[in-house]
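Atoms within each ligand, like the ligands themselves, are counted from 1 in listed order.
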Amino acid sequence: MAPLFTRDPDGPVLTAEDWPYPVNAVFNPGAAVHDGATVLLVRVEDRRGISHLTVARSADGRSGWRVDDKPLLNAEPDNPANCWGVEDPRLTYVDELKAYVIAYTSYGPSGPAVSLALTADFRTVEDLGVILPPEDKNASLLPRRVDGHFVLLHRPVSVTTDRADVWLSRSTDLRSWSAPEPVMRARTGPWWDAVRIGIGPTPIETEKGWLAVYHGVKASANAQIYRAGLCLLDLERPTKVIRRLPDWILSPQAPYELAGDVPNVVFPTGMTHDAATDELRVYYGAADTSIGLAVGRLSTVLEAVWAAESDAA
Ligand code: BMA
């Protein structure tokens, strides 16, 4: 079978060298199409090791990036919730709010926590701060309410079970969230996604279900490999995984994915779909160092995931 996604031939599409100020690494971006341009909200790790989030815009989503000269969201040295950085944003346009919800990780001495912020223009933000306490990360909001509630997929780590699976919580106001309900578990044994999983970009609504890209981790004696996979969640009952592709869709292969600050990592956090061409783009962090782009077609991808066994989870 031909691969479902193909890397951009000029990848990586963004690196630290594209930045207007000195930084260590740029990776794990949220993605959206806003005012006809592709907007990436990029995790930027500075030369102390602390991350902030900065906007990069491009007309074609591949080249000619214009990068803001200051962060949209920054760590606050006096805030224990995020003094160690803000990381790994996912972007969701919510029509009823006429705004994008940014779901990101706040990092401080008590661990990573899920935070939200709102923006209408990627120039100003309303920061709601931490909405789910540590340890919790990898959050992505569905673009519409389900049964009257906003739904946030996220990845709490249970201290009792030490598991790192995908759960969801519900809210009517984006501020207070219900206790997590389980969605999808890491597989077991030798599987590519057996050690930890986390939801990637905002899932896309299709007639067959919410199409979601997630990352999975495999550990060996001396390394971890981060790969990307696909699942479909029930539209009206998103705790139900209706399909889960057994094979990964993207695995570290390109030189910039195999080597970098954290070798062997593809970490998908942004996804855009062009309805006119059916092109599906996945933006991902490569080796925690640069940004890669993988391109497929939504109809083909959906066909492949639909053909998977329903209980491959
Ligand atoms: C995860 C997150 C990501 C990172 C990945 C690979 O746990 O911390 O920010 O890209 O590990 O290092």
Side chain, backbone, both or neither: which part of Thr105 comes within less than 4.0 Å of ligand 1 when only heavy atoms are counted?
neither
Arg155/Asp136 salt bridge by N-O under 4.0 Å criterion:
no
One residue to check: Arg43. Relative to ligand 1, which of side chain, backbone, both or neither has a non-hydrogen atom less than 4.0 Å away?
side chain
Is any NZ, NE, NH1 or NH2 atom of the basic residue among Arg175 and Glu126 found under 4.0 Å from an Asp or Glu carboxylate oxygen of the other?
yes
Give the residue and atom name of whichever protein heavy atom lies nearest to atom 9 (O) of ligand 1, and the separation in Å to one decimal.
Asp88 OD2, 2.6 Å
Can you find a non-hydrogen atom of Lys137 under 4.0 Å from ligand 1?
yes
Looking only at protein heavy atoms, which one is nearest to atom 7 (O) of ligand 1, and how far off is it?
Tyr226 OH, 3.3 Å
So, applying side chain to side chain contact (heavy atoms under 4.5 Å, CB included) with Leu153, which one of Asn138, Leu233, Leu141 is it?
Leu233
Between Tyr104 and His154 (judged by ring centroids, cut-off 6.0 Å), do the two rings come close enough to count as a pair?
no
Does any N or O of ligand 1 fall below 3.5 Å from an N or O anywhere on Glu87, backbone included?
no
Donor-acceptor contact present, side-chain Ser171 to main-chain Ser176, <3.5 Å:
yes
Looking only at protein heavy atoms, which one is nearest to atom 10 (O) of ligand 1, and how far off is it?
Asp288 OD1, 2.6 Å
Check whether any heavy atom of Gln224 sits under 4.0 Å from an atom of ligand 1.
no
Ring-ring centroid check Phe267 Tyr284, cutoff 6.0 Å
no
